[in-house]
There are 2 protein chains.
Amino acid sequence: MAVTLKQIAEIAGVSRGTVDRALHDRGRVSPEVAERVRRIAEELGYHPNAVGQALARSRKQIKIGIIVQSAETPTMKIVVEGAEQAARALQKEGVEVVIRTMESVDAIQEMLYLDELMEMGIHGLAITPADDAIICEKLNEIADQGIPVVTFNADLPQSRRMCFVGQDNARAGRTAAGLMALMVAQDGKVATITGHLRNDGHRMRCTSFSEELRCIAPGIMTLPIQPCFDRDDCAYELTQHLLAEHPDLAGIYVAANGQHGVCEALREAGRDGKVRVIAYDVTPQNIDELRQGTISILIDQTAREQGSRPLMLLRDFILYGRRPEHSFCYTGITLKTRYNL
Amino acid sequence: MAVTLKQIAEIAGVSRGTVDRALHDRGRVSPEVAERVRRIAEELGYHPNAVGQALARSRKQIKIGIIVQSAETPTMKIVVEGAEQAARALQKEGVEVVIRTMESVDAIQEMLYLDELMEMGIHGLAITPADDAIICEKLNEIADQGIPVVTFNADLPQSRRMCFVGQDNARAGRTAAGLMALMVAQDGKVATITGHLRNDGHRMRCTSFSEELRCIAPGIMTLPIQPCFDRDDCAYELTQHLLAEHPDLAGIYVAANGQHGVCEALREAGRDGKVRVIAYDVTPQNIDELRQGTISILIDQTAREQGSRPLMLLRDFILYGRRPEHSFCYTGITLKTRYNL
DNA sequence: TTGAAAGCGCTAACAA
DNA sequence: TTGTTAGCGCTTTCAA
């Protein structure tokens with residue numbers, strides 16, 4: 001049996017309450033007693049029993065708020081699902097989760113939601129922040145009130161958030177480069193289509209991809225990066241032009257959305273399955289493309305985890321006082337073919 | 001706040017003990033009362049609070065035994081690590097885990113350990129079973145005493161084990177085929193090196209690989225499957241011969257151990273990085289090969305999970321009465337390149 | 001067949 | 001500064 005508070009209390013000749021206060025620095029304990037208790041706990045190898053802690057703390061009803069942007073996109077839908085799933089699990093632990101979703105990326109709307117949640121008296125906040133100074137300001141204000149803030153999917157690194165949960169885009173880009181190098185000939189041509197040139201995540205994925213590819217396969221010719229603004233119609237046209245100009249195109253790296261336009265153009269040209277396509281995220285439509293063989297490999301950002309993890313981190317902090325080890329909590333980079341979905 | 005036993009008891013006008021007995025079919029409750037209680041619980045959407053359950057049950061000290069074969073191999077070492085990690089976590093919940101490892105695959109030794117563990121009074125058993133009738137017999141005997149048995153890494157499907165935790169080798173083989181088809185030209189030559197021809201897992205990985213490859217890339221020429229008995233020296237020679245006979249060899253699928261012999265031969269012939277190599281499991285040495293670029297892609301069977309998951313499943317069953325949904329619990333098929341380790 | 005009560009390990013309000 | 005106590009939700013023993 002593991003060591004308990006009670007045992008320590010008996011050995012130290014004090015009450016359990018005192019031990020609890022001493023070990024958790026809750027004050028109201030004389031330094032000498034605190035020191036003695038801590039020493040005994042150390043010697044006995046005491047670890048608080050998480051189940052007991054959880055049960056005791058379940059008394060106070062805690063509330064966590066979560067705000068999700070662009071919730072209608074396929075990927076963010078999965079993020080929301082992950083959040084809902086976590087919310088159900090947390091409910092059984094007595095933690096209430098309030099979800100607010102918005103269709104667009106709108107700092108004003110987001111501010112309104114932030115105010116609403118704060119008024120509801122949340123004990124923690126998870127958010128996909130708009131890249132805007134007023135949001136950053138607001139998050140700092142919230143953090144300063146002692147309410148932990150976790151950003152996810154998108155980050156605001158200069159804010160006083162507790163941590164960020166999301167993908168390491170640079171690493172994802174390099175991973176894509178490694179795969180592309182494995183799949184196309186050493187003198188092949190590879191095109192890159194991205195979403196927005198000034199989106200931080202998209203840019204990171206593209207530059208890392210290009211740099212790494214140049215480094216490991218200098219013979220491969222990389223065509224200029226082209227943005228499709230996350231639109232399939234635009235990506236479709238871009239791909240048509242690419243195929244016309246470069247009939248020997250060997251691979252396409254789609255760093256953001258637009259992959260379906262790319263696939264459509266490839267099919268029309270009868271080049272699907274020939275041109276290697278690397279795209280992002282396991283969404284229902286992407287799964288179809290994978291099954292058809294038009295997309296070769298998907299890099300997944302484990303969207304579900306991006307929805308659930310922030311809530312769990314907040315719960316751990318609020319309920320158990322556990323602070324995340326790093327301020328960046330990168331979710332895995334998972335590779336999917338049609339065979340290991 | 002979620003519905004509690006107490007609330008149901010109040011509404012039903014009975015005690016908490018009675019509600020508990022009624023809802024969990026522990027007997028000693030009149031049918032009418034039981035029925036009424038169940039109805040109320042149903043209406044209120046009652047879900048037992050897992051934290052409360054765990055705390056209450058933590059009173060009885062439970063013990064789980066785990067037996068690991070071939071524990072010295074790189075992969076099984078990771079499995080053992082996973083088990084040890086889980087054991088530490090379980091210890092904090094008051095669950096004791098007894099680990100027994102053996103170097104070889106030895107049914108007699110395994111029997112001895114089984115007897116030892118049974119005498120220690122274990123409440124659950126996890127085991128990598130030797131493929132032997134007496135082990136099967138013994139496991140059935142244990143299962144019939146009401147002690148749940150989980151096989152992992154290797155299975156004994158005809159036994160009355162509760163479930164198996166491990167990789168879906170057929171799927172892994174198909175995944176490898178899909179990747180190989182993406183990496184080598186449509187008229188390339190691919191070789192398969194396996195461990196033992198009569199090892200169930202190895203065979204499954206190979207046949208699925210060949211079948212799938214023939215199906216999706218009929219132009220690819222597959223050379224006959226050759227066993228290396230999991231030995232690097234043997235695999236080294238096989239590879240040398242392969243390279244001599246087929247200077248244009250495009251890919252090698254290594255379905256079991258021996259990959260380092262393969263890599264060595266490739267390096268000597270200056271074909272490393274040219275010939276695509278798919279191998280199994282994220283072990284330290286494999287990571288090196290991946291980094292060097294000699295192995296192209298690793299298929300991981302998430303060995304760590306194979307060590308921890310069985311213990312968690314047993315804990316869930318013993319402590320919470322949760323039975324696994326399926327009798328096969330496949331761990332993921334994870335793809336690793338040097339970039340997403 | 002049922003109820004009462006103790007107890008799992010911990011927290012926190014209150015009293016001293 | 002310290003101790004006492006109630007209670008989180010559930011299981012289980014003992015009496016009735």
Side-chain angles (χ1 to χ4, degrees), chain A residues 1-37 41 44-62 90-95 123 315 318-322, chain B residues 1-37 41 44-62 90-95 123 315 318-322:
Chain A
M1 216 53 208
V3 189
T4 69
L5 264 195
K6 197 169 134 189
Q7 292 172 35
I8 297 178
E10 279 164 10
I11 295 176
V14 296
S15 74
R16 285 151 52 198
T18 304
V19 175
D20 181 57
R21 287 186 296 254
L23 293 181
H24 296 92
D25 297 316
R26 298 191 217 279
R28 303 189 306 157
V29 177
S30 77
E32 308 85 62
V33 173
E35 175 49 28
R36 187 155 47 95
V37 167
L44 267 53
Y46 171 76
H47 282 286
N49 179 311
V51 179
Q53 285 187 314
L55 194 58
R57 298 203 225 207
S58 71
R59 191 149 17 166
K60 54 173 161 189
Q61 170 66 330
I62 79 156
L90 288 177
Q91 198 190 349
K92 292 183 191 161
E93 301 179 26
V95 176
H123 300 81
R315 184 268 317 256
I318 300 168
L319 240 40
Y320 306 122
R322 280 198 288 266
Chain B
M1 217 54 209
V3 189
T4 69
L5 266 194
K6 196 168 134 191
Q7 293 172 33
I8 298 178
E10 278 165 10
I11 295 177
V14 295
S15 75
R16 284 151 52 194
T18 304
V19 175
D20 181 58
R21 287 185 296 255
L23 293 182
H24 295 91
D25 297 317
R26 298 192 217 277
R28 305 189 305 159
V29 177
S30 76
E32 307 84 64
V33 173
E35 174 50 29
R36 188 154 47 96
V37 167
L44 266 52
Y46 171 75
H47 282 286
N49 178 311
V51 179
Q53 284 186 316
L55 193 59
R57 296 203 228 205
S58 70
R59 192 160 0 180
K60 55 173 158 194
Q61 170 66 327
I62 79 156
L90 287 177
Q91 199 190 347
K92 291 182 193 162
E93 301 179 26
V95 176
H123 301 80
R315 186 270 314 259
I318 300 168
L319 241 43
Y320 307 123
R322 279 198 289 265

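Just so you know, these numbers come straight off a predicted model, no measurement behind them. Chain A is the first sequence line, chain B the second, and so forth, proteins listed ahead of strands; every chain is numbered from 1.
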Integer-rounded Å distance: D:dG9 P and A:Asn49 CG: 17 Å
Any B:Ser58 side-chain N or O less than 4.0 Å from OP1/OP2 of C:dG9: no
Nearest heavy-atom approach of B:Ala54 to A:Val51 is CB-CG1, 3.9 Å
Tell me the interatomic distance from B:Leu55, atom CG, to C:dA6, atom P, rounded to whole angstroms. 17 Å
For D:dT2 and A:Ser30 - does any side-chain N or O of the residue sit under 4.0 Å from the phosphate oxygens OP1/OP2? yes
For A:Arg28, check salt bridge (charged side-chain N to carboxylate O under 4.0 Å, His left out) against everything at least two apart and list the hits. none
Going by side chain to side chain donor-acceptor pair (under 3.5 Å), name the residues that satisfy it together with A:Arg36, two or more places apart in sequence or in a different chain. none
Ranking B:Pro31 and B:Ala56 by the position along DNA chain C of their nearest nucleotide, the one closer to 5' is B:Pro31
When rounded to whole Å, the CG to P distance for the pair A:Leu5 and C:dA12 reads 12 Å
Calculate the interatomic distance between B:Arg26 atom CZ and D:dT12 atom C1'; express it in whole Å. 8 Å
On the nucleotide C:dT2, are OP1 or OP2 found under 4.0 Å from the side-chain N or O atoms that B:Arg28 carries? no
Gap between atom CD1 of B:Ile62 and atom CG of B:Leu90 - 0.5 Å precision: 8.0 Å
With a 4.5 Å cut-off on side-chain heavy atoms, are B:Leu5 and B:Asp20 touching? yes
Mind calculating the distance between OH (B:Tyr46) and P (D:dG9) to the nearest angstrom? 10 Å
Got a sec? Which of residues 17-24 of chain A come in under 4.0 Å of DNA chain C, heavy atoms? A:Gly17, A:Asp20, A:Arg21, A:His24
Measure CD/A:Gln53 against C1'/C:dC8 and give the value in whole Å, please. 14 Å
The single option from B:Ile11, B:Ile8, B:Val29 passing side chain to side chain contact (heavy atoms under 4.5 Å, CB included) against B:Val19: B:Ile8
